[in-house]
Structure formats: structure tokens, C-alpha cells
There are 4 protein chains.
Amino acid sequence: MNTKTKRKTDPALAHARREQVLAAAADCFKRRGYHGAGMAEISRTAGMSAGHIYNYFASKEAIIESIIERDMEEMFSIFQEFEDQPGDLVTILLDGLDHGVERHTDINQGALDLEMLAEAARNEKVALLLRESDKLAREKMRSLLIGERSPLKLASMAEIDSRIEVMFAVMSGLLLRKTLNPSINKAGLLVALRPAMKTLLTPFESLEPLN
Amino acid sequence: MNTKTKRKTDPALAHARREQVLAAAADCFKRRGYHGAGMAEISRTAGMSAGHIYNYFASKEAIIESIIERDMEEMFSIFQEFEDQPGDLVTILLDGLDHGVERHTDINQGALDLEMLAEAARNEKVALLLRESDKLAREKMRSLLIGERSPLKLASMAEIDSRIEVMFAVMSGLLLRKTLNPSINKAGLLVALRPAMKTLLTPFESLEPLN
Amino acid sequence: MNTKTKRKTDPALAHARREQVLAAAADCFKRRGYHGAGMAEISRTAGMSAGHIYNYFASKEAIIESIIERDMEEMFSIFQEFEDQPGDLVTILLDGLDHGVERHTDINQGALDLEMLAEAARNEKVALLLRESDKLAREKMRSLLIGERSPLKLASMAEIDSRIEVMFAVMSGLLLRKTLNPSINKAGLLVALRPAMKTLLTPFESLEPLN
Amino acid sequence: MNTKTKRKTDPALAHARREQVLAAAADCFKRRGYHGAGMAEISRTAGMSAGHIYNYFASKEAIIESIIERDMEEMFSIFQEFEDQPGDLVTILLDGLDHGVERHTDINQGALDLEMLAEAARNEKVALLLRESDKLAREKMRSLLIGERSPLKLASMAEIDSRIEVMFAVMSGLLLRKTLNPSINKAGLLVALRPAMKTLLTPFESLEPLN
DNA sequence: CATGAATGAGTTTTCATTCAT
DNA sequence: TATGAATGAAAACTCATTCAT
């Protein structure tokens with residue numbers, strides 16, 4: 001009746017298994033770190049033998065690379081939402097802060113991001129993937145900030161890029177904050193975060209006649 | 001009788017040896033990461049045998065813990081300078097940004113900090129030390145911001161803490177920025193960083209009647 | 001009723017499948033060695049799944065054993081040709097050298113033979129098969145050399161056996177020569193090989209009054 | 001009193017340990033083959049931990065390479081003896097046969113040689129070493145056979161090389177004979193081996209007017 | 001008959017740590 | 001104090017073999 005199932009390699013099963021492994025690995029990396037988590041633990045978490053994982057991933061390295069790629073796609077869809085949303089750009093971005101803070105102060109996700117960043121220092125492939133991802137994110141952001149509806153559309157490109165760097169620094173810095181001060185909370189953060197971001201999204205001149 | 005001072009344990013020599021190991025280990029951790037750097041490489045860099053290191057440190061873990069403690073002391077002296085400096089607090093802090101950016105975009109130091117943070121996720125002792133260090137830093141900063149010469153002396157404690165969190169987020173976020181975008185430079189960053197920090201160091205109301 | 005012959009086990013198909021596997025395995029063993037060739041590669045080469053091979057062979061070991069048995073049969077037919085051929089025995093055998101050299105300097109076949117011999121050192125079953133094969137070959141040769149048309153028919157059995165050992169040593173030694181000196185060629189070899197073989201096929205006395 | 005012993009790395013100890021490992025590995029390779037022998041077994045045989053072996057050899061491969069190099073040196077000294085010995089060359093070489101047969105029918109050495117040859121088929125480094133060794137052996141032999149005291153000094157180089165190939169084939173073929181027919185003995189072999197070698201060491205013409 | 005997903009024991013290799021000297 | 005030889009418990013990865021379908 002249904003699709004001629006199960007003859008020859010089933011790509012759906014293979015895909016499901018890959019996801020199973022990625023989820024398990026992400027989980028283990030968060031808890032134990034990339035080097036701390038052994039293939040044995042990952043396979044136990046994924047509910048399959050260690051040997052079998054190698055039918056889906058060439059190496060442990062390939063697993064973390066896949067995780068990064070999955071994260072890149074997630075980030076893309078977030079920027080796409082900003083682009084698609086109608087209305088005042090500053091408002092949209094400031095409203096997006098809630099979600100951004102949520103994402104960046106999630107202790108699990110943060111631990112994983114940190115692992116990937118630390119790994120980048122000694123694994124060139126990981127570094128390249130992360131930098132590529134970051135580059136695309138900056139470009140997305142730039143295209144938003146120089147767009148017609150942006151209050152910064154007249155600013156120089158150098159200034160735009162500087163603003164982006166600082167905005168990205170704040171957001172990614174939140175990852176570390178949650179590790180260094182586990183008691184912070186979203187609401188508290190936003191009190192100062194929103195004004196700071198607003199500053200970064202509007203022209204400076206009026207505020208800084210001296211600088 | 002004579003100055004044959006080196007009989008039995010010489011505390012000065014012991015201290016020098018410890019420093020030698022710490023410097024070597026920091027160097028190796030920066031280049032190879034905590035797990036990537038082996039005791040063999042550290043001992044080679046320190047110019048002493050691997051076995052001998054264990055006369056000064058109980059374990060590899062103890063070494064990174066000592067490095068963290070050393071970094072804490074360094075951070076302390078920086079805050080002390082802010083406290084001791086006369087004049088307008090905002091100006092002092094904004095002027096300090098140059099040095100802060102330098103410190104946080106140094107790719108070597110950044111790599112080491114990242115290693116320590118990632119290690120914190122799986123090593124409770126490291127986490128505790130880092131959190132202790134961060135707590136002290138926040139307290140130092142808080143005492144600056146509620147002091148007599150601060151424009152924020154009337155703000156609520158919750159607001160002060162929120163500002164501190166965000167300021168710390170930006171600065172520590174710079175560590176990640178250098179990894180993700182190796183081409184950023186200090187001068188470029190300051191264009192947007194100074195206004196953002198200024199916002200975080202002065203009362204919000206006047207700037208944000210709408211929010 | 002009709003010729004729907006393929007219900008249940010078809011011995012012809014089974015035999016074809018076995019041959020398919022043996023050919024593929026021989027090919028892989030030549031290229032990668034017995035341990036270097038995995039069941040995965042063999043199954044790919046044979047055009048059937050790895051699991052299915054186990055319907056025809058109990059183990060990887062059983063495969064190499066079958067290959068040896070097949071080689072034994074091939075060797076038999078060669079000796080049979082010598083026996084069946086009319087004319088002077090020495091001439092027949094010396095003329096057979098061309099084919100023998102061809103066979104023993106074929107780099108592929110040589111690699112496979114070497115694999116089997118090396119495997120014999122650690123696998124008793126393989127050793128037994130090879131020795132059995134060799135024993136039969138020596139017997140065949142002996143029956144040729146003591147036959148009516150042989151110039152050695154009057155020699156002692158010990159001498160006959162010694163001659164056979166040395167002749168076999170030369171021929172099997174060629175396997176190694178091709179590995180150790182890939183640039184040798186058939187024509188060059190025969191210059192010295194034919195006289196040596198002739199010595200081994202004719203009475204010694206006249207040549208060696210001293211020994 | 002004695003040599004300033006034991007300060008810093010002791011090269012004598014290191015050398016002894018290397019020999020220990022080489023002996024143990026050779027032993028294991030003979031019994032189990034290169035792939036059959038694990039580092040665990042080798043280390044047990046050598047009386048040291050598996051990990052420690054890696055202080056002396058970079059890999060299991062490096063061990064077999066060292067064994068080959070040691071064998072090369074042994075072969076050299078044998079040829080050197082031939083060169084240094086005074087008297088009739090043919091007699092010297094034929095007298096050397098006893099020792100050669102001993103060496104090539106030693107079941108242990110034979111197993112090891114076979115392993116190395118089989119490994120050469122899949123390990124380029126091993127193949128290169130063995131070929132280099134063989135090349136040097138052929139050159140040594142050639143220089144003997146074209147020397148003043150050789151009955152072959154007038155033969156063409158092609159013929160000399162052909163004779164060498166066949167002589168080497170016989171001798172190396174003996175390695176296989178012992179594996180295929182464990183009951184052969186030195187004395188029996190020599191009955192036919194000496195005449196065959198004599199043929200290969202003296203001019204052909206007088207013996208073979210027909211060929 | 002035929003598949004290939006799945007296993008798990010086995011492999012080589014690394015490395016923090018100990019200890020006799 | 002100082003060495004580096006030595007250990008052994010991991011680690012990542014491979015592969016012959018099994019079995020549900």
C-alpha cells in the first residue's frame with residue numbers, strides 16, 4: 001500500500017540514526033566536553049554500539065562538524081525571520097533579544113558552544129566551519145543594518161561592522177556569563193541589555209558630541 | 001656557615017620552579033589546549049623533567065587551577081587601579097577600555113581563557129575557582145559603580161548588577177570574537193564599543209524615554 | 001510441474017555464487033593481503049552482500065582454504081599434461097619451464113601464494129592443505145622421474161627426492177624474486193634457469209667426478 | 001670509578017631495550033605473523049609494558065622495519081666473508097651452501113622472512129627496504145662473479161644477472177620448502193643443490209652444446 | 001535467497017602518573 | 001632536588017560475524 005518500503009538501504013532510517021547520534025553526541029559533549037566524552041558513552045547514549053556509529057560518521061571529529069553545521073542552519077533561520085518580519089527594524093531586533101538571551105543563557109547550549117570554540121583553537125576544520133558560520137551571520141546582519149528601513153543606513157561600513165562586532169560580542173558573551181555566574185536570569189539581564197543594544201542600533205552622534 | 005644556602009628546601013627556588021611550570025603550562029595550553037598539551041611537552045617547555053613537576057603540583061589539574069588563581073590576582077590589580085585613579089569614573093573606565101580590548105583580543109590569552117571556561121563545564125573545581133573569581137570581579141565593579149563619584153550611585157542594586165552583567169558579557173564576548181573573526185582590530189572595535197559602554201555607565205532615563 | 005527450477009536451493013546457482021566469491025576474494029587478497037582485505041571489500045567485489053557470503057562459506061578462513069583447494073586442482077592438471085605428453089621427458093619438462101616461469105612471476109598470483117604461505121605459519125588448517133598439495137605434487141613429479149622414459153630411472157629415491165626439492169625450490173623461489181626485484185623478466189631468467197634445470201633432470205656423475 | 005654512569009639518558013640501556021623489543025617482536029612475528037601478533041603479546045614477550053615500547057619505536061611498523069634493517073646487515077657480513085676468503089671462488093661459494101641451507105631452512109627465520117615478504121605486498125615502506133636489501137645483495141654477488149678469480153669473468157652481464165636471479169631463487173625458495181615440506185633435511189637437499197649451484201657458477205657452453 | 005544494520009571483541013596508540021636511582 | 005624509565009588504563013577505531021526482515 002504505502003511506499004515500496006524497506007527494500008535496499010532505507011535513507012529514512014539512516015537519517016534517523018544520524019540524528020540519534022548527533023543528539024546523543026551533543027548531549028555528551030555538553031556534559032563532558034568534546035575530549036571528555038568517549039565514543040563508548042556516546043554510543044551508550046545513542047542506544048547503539050560504538051562500532052555502528054562509524055557507519056554514519058567517519059570519525060568523532062566528523063560528528064562535531066555535523067553538529068556545527070546543524071547549528072549554522074538554525075542560526076540562518078533566525079536571521080531569516082528578522083528579514084521577513086515587517087515593521088521597524090530596531091523594534092524587531094530588540095524584541096528578538098528575548099529569544100536571543102534565552103538561547104545564549106541556556107546552560108546546555110552554552111556548554112556545547114564553548115566546547116566547539118575551544119576545539120577551534122586546536123582543530124583547523126572546526127575553526128573554519130565556525131568562522132564561515134560567523135562570517136555568514138555578520139553578512140546577514142550587515143544587510144539588515146544597511147537596508148532601507150534601518151536608522152543606520154547612512155553610516156559608514158566600518159562603523160556598521162564595528163557595531164555588529166560589539167553586538168555579537170555581547171550576545172556570545174552571554175554564553176560565558178551563564179557559566180561564570182549561574183544565578184543570572186533573563187529578566188535581570190534585559191534591563192541593561194536593551195538600552196545597550198538600542199545604542200548599538202541607532203546613530204551615535206546625538207549621544208556623543210565629545211567622542 | 002657560608003652562604004651554601006641551597007641545602008634542603010629553598011623556598012625561593014621552589015617558588016621560581018612553580019612559576020617556571022605555570023608559565024610553560026600556560027604557553028602550552030594556549031597553543032594546544034588543555035587536553036592537547038601533554039605533560040611531556042609542558043616539562044620540555046619548562047626545562048625540567050615531567051616527574052619533577054609532580055614535586056610542585058599534585059596533578060595536571062592542579063596546574064590549571066594555579067593558573068586561574070594567578071589570573072585572578074592579575075584581575076584584582078586592574079580593578080585596584082581603577083579604584084585608586086582620581087577623576088571622573090566614567091572617563092576612567094572608558095579610558096580603560098583600550099587596555100581591556102587589548103587584553104581580551106589577544107589571541108593567546110583568549111585561547112587560554114576559553115580552555116579554562118570549557119574545562120569548567122566538566123571540572124567542578126575549575127568551575128568553582130572561575131566563579132569565585134567572577135564573583136569578586138563583580139563585587140569590585142559594584143563597589144565602583146555605587147561609589148560617591150559614580151553617576152549611577154542612585155540606581156537600584158538590581159539595575160547595577162544588570163549593567164555589570166552586560167558589561168562583563170561584552171568584554172568576555174570579545175574573546176570569542178577574536179576566534180570567530182580573526183580579522184577584527186582594536187581600533188575598529190572601539191568605534192561602537194565606547195558608546196555602548198558609555199550607555200552602560202550612565203543613567204538610562206534621559207536616553208530612553210520610550211523604553 | 002514446469003521448469004520453475006529455481007524453487008529451493010539450486011545447486012548450479014550455489015556453485016556459481018561460490019565461484020563468484022572465490023574469484024573476488026582471490027582478487028582482494030592479491031591486492032590487499034589476507035588480513036588487509038575485509039569482508040566488506042570482498043562482498044563489494046563479488047557483487048553480493050557480506051552477510052550472504054556466509055551462506056556459502058563458514059568464515060573468512062574457509063574462503064582462503066577453498067582458494068587453496070582450487071589451486072591444488074589447477075596444479076594437478078598441469079602435471080597431468082606432462083604425463084600425457086609423448087616424447088623425451090627432459091625436453092617436455094624444459095619446455096614447460098616457459099609456462100612455469102610465467103605462472104611464478106605473475107605478480108598477482110605471487111602475492112596470493114605468498115599470502116597463503118605466510119598464513120600457513122599461523123593457521124594450521126591452511127598449513128595442512130598446502131602441505132598436502134605439495135606432497136601430491138612431489139609424488140606426481142617422482143612418478144615422472146622414475147618412469148621408464150626418464151634418464152633418472154636408475155637413481156636412488158633419496159637422490160630423486162633431493163632433485164625434486166631443489167627444482168621446487170627454484171620455481172617457488174621465483175615468486176619471491178618478482179617481489180624482491182620487480183624488474184626481472186621471463187626471457188632473462190631462462191638463460192640460467194634452463195641449464196640449471198637440465199642439470200637437475202640428468203645424471204650427475206659425468207658432471208661431477210669430484211663430488 | 002668507572003665511566004660516569006647513569007646521569008642523563010643512558011644510551012646503553014636504550015640500546016638494550018630496543019634489542020629486547022626487536023627480539024621479542026621477531027619471535028612473535030614468527031609464531032603469529034605480523035598482523036597476528038599484537039602489541040600486547042610483544043610487550044609481554046619483551047618483558048615491558050606496551051606503552052613503554054613506544055618510547056623506542058614510533059609504531060608497530062617501525063619495529064618490523066628495524067628487523068629488516070638488522071637482517072640486511074647480517075646478510076652483508078655474509079657476503080663480506082665470501083669476498084675476504086682466499087682461494088677458488090666456486091669452492092668457497094659451494095662450501096658456503098651448507099651455511100646457506102641452514103639459514104634458509106630454519107623454520108623460525110623462514111616464517112619471519114615470509115611475513116616480511118607478504119607484508120611487502122601491502123606496505124610500501126617494507127617493500128622498499130626489502131628491495132633495497134635485495135639490490136645490494138645482487139650487486140655484491142655480481143662483483144664476486146665478475147671478479148678476477150671467477151670462472152664467469154668473461155660472461156655477459158645479462159648472463160651474470162640471470163645466474164644470480166636463479167641462484168637467489170633457489171636459496172629463497174628453500175624458505176618455502178621448509179614450510180611446505182617440513183621433513184626435508186639439509187643433507188638430503190645438498191645432494192642435488194650442489195650440482196645445480198655448480199652449474200650456475202661455471203660456464204654453460206661445455207655442458208650444453210645442444211641448448 | 002538476499003540484504004545490510006548491528007554488534008562487540010579486538011586493534012594500535014597515547015598519556016598522566018609513579019618511582020627507583 | 002631531579003631524572004626519565006616504566007606503567008596501565010584509557011582512547012578511537014576496525015572488522016568478522018550474526019540476524020531480523
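Order of the sequence lines sets the chain letters (A, B, ...), proteins ahead of strands, with each chain counted from 1. Every heavy atom of this structure was used, including side-chain atoms; hydrogens, water molecules and symmetry mates were not. What you are looking at is a predicted structure, and each value in this text was computed from that prediction instead of being measured.
Using a 4.0 Å heavy-atom cutoff across all strands shown, A62(B) reaches no nucleic acid atom at all. Residue contacts for A58(C): at a heavy-atom cut-off of 4.0 Å it reaches no nucleic acid atom on any strand shown. Using a 4.0 Å heavy-atom criterion, one finds that G38(B) contacts the sugar-phosphate atoms exclusively.
Taking only side-chain nitrogens and oxygens, Y56(A) never comes nearer than 4.0 Å to OP1 or OP2 of dA5(E).
Comparing A37(D) and A40(B), the nucleotide of DNA chain E nearest to each residue sits closer to the 5' end for A37(D). Comparing G47(D) and G51(C) along DNA chain F, the residue whose closest nucleotide (by nearest heavy atom) sits nearer the 5' end is G47(D). Of the residues near DNA chain F, I53(B) and G36(C), the one whose nearest nucleotide (by heavy atom distance) lies more toward the 5' end is I53(B). Nearer to the 5' terminus of DNA chain E, by closest-nucleotide assignment, is the contact made by S49(C) (compared with the other of S49(C) and S59(B)).
Distance, K60(A) NZ to dA11(F) C1': 8 Å, rounded to whole Å. What separates CZ of F57(A) from P of dA12(F) is a distance of 15 Å, to the nearest Å. In this structure, the OH atom of Y34(D) is 14 Å from the P atom of dT11(E), given to the nearest Å. When the C1' atom of dT13(E) is taken as reference, atom CD1 of I63(D) falls 12 Å away, rounded to whole Å. In this entry the distance linking CZ of R17(A) with C1' of dG4(E) reads 12 Å, nearest Å. Distance, E61(B) CD to dC15(E) P: 17 Å, rounded to whole Å. For the pair H35(B) NE2 and dA11(F) P, the computed distance is 11 Å after rounding to whole Å. Between the CZ atom of R32(B) and the P atom of dC15(E) there is a distance of 11 Å, given to the nearest Å.
Looking at S133(D), its side chain never comes within 3.5 Å of a backbone N or O of L129(D) through a donor-acceptor pair.
Below 30°, between 30° and 60°, or above 60°: for F29(C) and Y34(C) the angle between ring planes is above 60°, a perpendicular geometry.
Using a 4.5 Å heavy-atom threshold, the side chains of V21(B) and M48(B) count as touching. At least one side-chain heavy atom of M39(D) sits less than 4.5 Å from a side-chain heavy atom of Y54(D).
For dT21(F), the paired nucleotide is dA2(E), the pair qualifying as Watson-Crick or G-U wobble because both relevant distances are below 3.5 Å. Across the strands present, dA12(F) finds its partner in dT11(E); the criterion is a Watson-Crick or G-U wobble pair with both atom distances under 3.5 angstrom.
Counting only heavy atoms from C-beta on, Y54(A) has its side chain closest to dA12(F) among dT3(F), dA12(F), dA2(E). In the set dC1(E), dA6(E), dT3(F), dT3(F) carries the atom at the smallest distance from any side-chain atom of H52(B). Distance from the side chain of M39(A) is smallest for dA12(F) among the nucleotides dT13(E), dA2(F), dA12(F).
One side chain, R18(D) or S66(D), offers a donor N or O that lies under 3.5 Å from an acceptor on the other.
The two atoms that bring A62(B) and A58(B) nearest to each other are CB-N, 4.0 Å, heavy atoms only.
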